[in-house]
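First the proteins, then the strands, lettered A, B, ... as listed; each starts at 1.
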Number of protein chains: 2
Amino acid sequence: MDPALPHSPQGTAEPTEELLPLEVEEFSDGRLRKGAETAERILNAAEELFAENGYAGTTLRDIAKRAEIRNPSIYNHFDGKENLYLAVLERGLRPMWELFQQLAIRANQGDELDLHVVDGLMDLLAEHPNLPNLMQHETLSGGDRLHARLAEWVQPMFNAAAGIVSHSPSKRWSDEQTTLLVLALYNMIAGYFTMAPMYKLISGENLLEEEMRNKQRHLLHDIIRLLFSEENTK
Amino acid sequence: MDPALPHSPQGTAEPTEELLPLEVEEFSDGRLRKGAETAERILNAAEELFAENGYAGTTLRDIAKRAEIRNPSIYNHFDGKENLYLAVLERGLRPMWELFQQLAIRANQGDELDLHVVDGLMDLLAEHPNLPNLMQHETLSGGDRLHARLAEWVQPMFNAAAGIVSHSPSKRWSDEQTTLLVLALYNMIAGYFTMAPMYKLISGENLLEEEMRNKQRHLLHDIIRLLFSEENTK
DNA sequence: CATAAAAATGAACAAGCGCTAGTTTACTTG
DNA sequence: CAAGTAAACTAGCGCTTGTTCATTTTTATG
């Protein structure tokens, strides 16, 4: 494993590192090994339950039931609840991590990206609706369970996002504001998905359905355009 | 108690109802009765712990320890964990509920309010930093524990906020967009506080300190001004 | 097809949970 | 200050939790 690395807050500007070597256990014909298949079922079940109920609110027996196994079998694939949780988090964060790495590269090449970032994020989160909730649970607990890994996982994404925003044509935002702006935009975008269950209770409408998502995408475009227009310079 | 009220989504536009009769148990000289004082200590401890660790992640023994009593004593003041949680939620939501009620009245009188709303919310949340986290935990769990009370508590605030936004001078936003805009603005504002612990891990800076809060307030003012300027009409 | 490894299982353990009962202490009030 | 009530305590019950272990069943391989 990692040698110590006690939340060192040195943030490399370019996220070019690897997240983890992702080993695929499968036959030459692409069929998964039996063990790897149930490991995946466990991860899927755990992701859904952790996202909805958090770490403490999720039982290994609940996870096992959803994965259609008896709960000691989990220990054939993961070394305890905490490690399973970390595995879920890592697998969940990977697509977001990759998206930001990719967007950051294009931002350094001078492409205008703000709208692409929004679209990319909306698509990604729509495909992985558990991701914002997992992140939010971690955020609320102060990242206690991530702590060491947090720097290497979240920090590069944040830096990439800040880089993208600071490359925008608008000269409106100072460097100081850029940081807070990234936070605000993230909360606005991810919060949409996080809010979905409660919004459904209040209004009856399902934010996760495509029609609503398109309205949200439209709104975000309008907002981004207003925030990053070249005209006004404060 | 309430007669059924199974999440009826009829939202009265003006939040003029009462939240709950708030009974104060104190002597004529203002001193709290012994019992009422420990009840308050329990509520304070529970609020902090529920906000950080959620419902499942908080034990009555933890709460008792922080309130400096033994855990069965909690039952002299609250009828079980669930009811304590609801009491925490209600006491926590009250100031926000009152703020929105007050702002909604002024909005109906035609005052321009958008910036005042932001300032009011920032001040309120700075004073009650546990509130956004409590709400967020409830949001993530799908409001399961609130469910029935949710309509009467959250719905009026949401409607008040939507009313305020739709009274803004800008003709830019359609009614449909107004709803999503309220959500986005709420997430932006409340998310700032929710993110504080993780942001501190990443950057070392404390978002809850006044200096940072003022920068955030400034940023929010800029954003609101851009979103609700009279000029541009899309 | 035999064999070893991998995976799944039932049974059960210690620890911790919400909660109750019974009793003692502290407070309030006539 | 005495009596009654409210509030705090100790002890512990029934249950669930994460985890272990010995065993059986399944899967992969020479």
Side-chain angles (χ1 to χ4, degrees), chain A residues 23-50 52-89 137 141 144-145, chain B residues 23-50 52-89 137 141 144-145:
Chain A
E23 50 195 273
V24 276
E25 304 191 51
E26 56 184 27
F27 297 102
S28 48
D29 61 354
R31 217 173 70 257
L32 278 180
R33 270 189 44 244
K34 177 75 198 305
E37 189 212 294
T38 52
E40 202 175 277
R41 279 215 316 281
I42 294 172
L43 276 174
N44 291 338
E47 180 180 305
E48 291 170 21
L49 291 169
F50 281 140
E52 186 175 339
N53 311 117
Y55 183 81
T58 303
T59 318
L60 288 182
R61 284 171 174 82
D62 288 342
I63 295 172
K65 182 172 283 180
R66 184 165 297 203
E68 295 179 294
I69 53 175
R70 254 38 92 220
N71 87 88
S73 298
I74 294 177
Y75 286 82
N76 285 326
H77 305 275
F78 301 94
D79 186 13
K81 189 184 184 185
E82 183 109 13
N83 281 312
L84 171 57
Y85 179 75
L86 285 175
V88 165
L89 231 47
H137 273 294
S141 71
D144 286 351
R145 241 163 300 274
Chain B
E23 50 195 272
V24 275
E25 303 190 53
E26 54 184 30
F27 296 103
S28 48
D29 60 356
R31 218 174 71 258
L32 279 179
R33 272 191 40 244
K34 177 78 198 303
E37 189 212 294
T38 52
E40 203 175 275
R41 279 215 317 280
I42 294 173
L43 278 174
N44 291 336
E47 181 179 304
E48 292 169 18
L49 291 168
F50 282 139
E52 185 175 340
N53 310 117
Y55 183 81
T58 302
T59 67
L60 290 182
R61 286 171 173 84
D62 288 341
I63 295 172
K65 182 171 285 181
R66 184 166 299 203
E68 295 179 294
I69 53 174
R70 253 38 90 220
N71 88 88
S73 297
I74 294 177
Y75 287 83
N76 284 327
H77 306 274
F78 301 94
D79 186 13
K81 189 184 181 183
E82 184 109 12
N83 281 311
L84 171 57
Y85 179 75
L86 286 175
V88 165
L89 232 46
H137 274 294
S141 72
D144 287 351
R145 241 162 299 273

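- Taking both residues in full, the closest heavy atoms of A:I69 and A:S73 are given as CD1-CB, 4.0 Å, listed atom of the first, atom of the second, then distance.
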Distance-only donor-acceptor pairs under 3.5 Å for side chains of residues 61-68 of chain B, two or more places apart:
residue: B:D62; atom: OD1; partner: B:T59; partner atom: OG1; Å: 3.4
residue: B:D62; atom: OD2; partner: B:T59; partner atom: OG1; Å: 3.0
residue: B:R66; atom: NH1; partner: B:E48; partner atom: OE1; Å: 2.5

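- We find that CD1 of A:I69 is positioned 7 Å from P of C:dT9, with the value rounded to whole Å.
- Shown here for A:A87 and A:F78, the closest heavy-atom pair between the two residues is CB-CE2, 3.9 Å.
- Distance check: A:F50 CZ to A:L89 CG gives 9.5 Å after rounding to the nearest 0.5 Å.
- Atom CG of residue B:L60 and atom CD1 of residue B:I42 lie 9.5 Å apart, to the nearest 0.5 angstrom.
- Separation of atoms CG (A:D79) and CD1 (A:I74) is listed at 12.5 Å; rounding is to 0.5 Å.
- Taking only side-chain nitrogens and oxygens, B:S73 comes nearer than 4.0 Å to OP1 or OP2 of D:dC9.
- If you measure from atom CZ of A:F78 to atom C1' of C:dA8, you get 15 Å, rounded to the nearest angstrom.
- Spacing between atom NE2 of A:H77 and atom P of C:dT9 amounts to 10 Å, rounded to whole angstrom units.
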Using a cut-off of 4.0 Å between protein heavy atoms and nucleotide atoms, how would you tag nucleotides 13-22 of chain C 5' to 3' with B, S and -? ----BBBB--

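- The interatomic distance linking B:R70 (CZ) with D:dT10 (P) rounds to 6 Å, in whole Å.
- Evaluation of atom-type donor-acceptor distances gives no pair under 3.5 Å for the side chain of A:N76 against the base of C:dA6.
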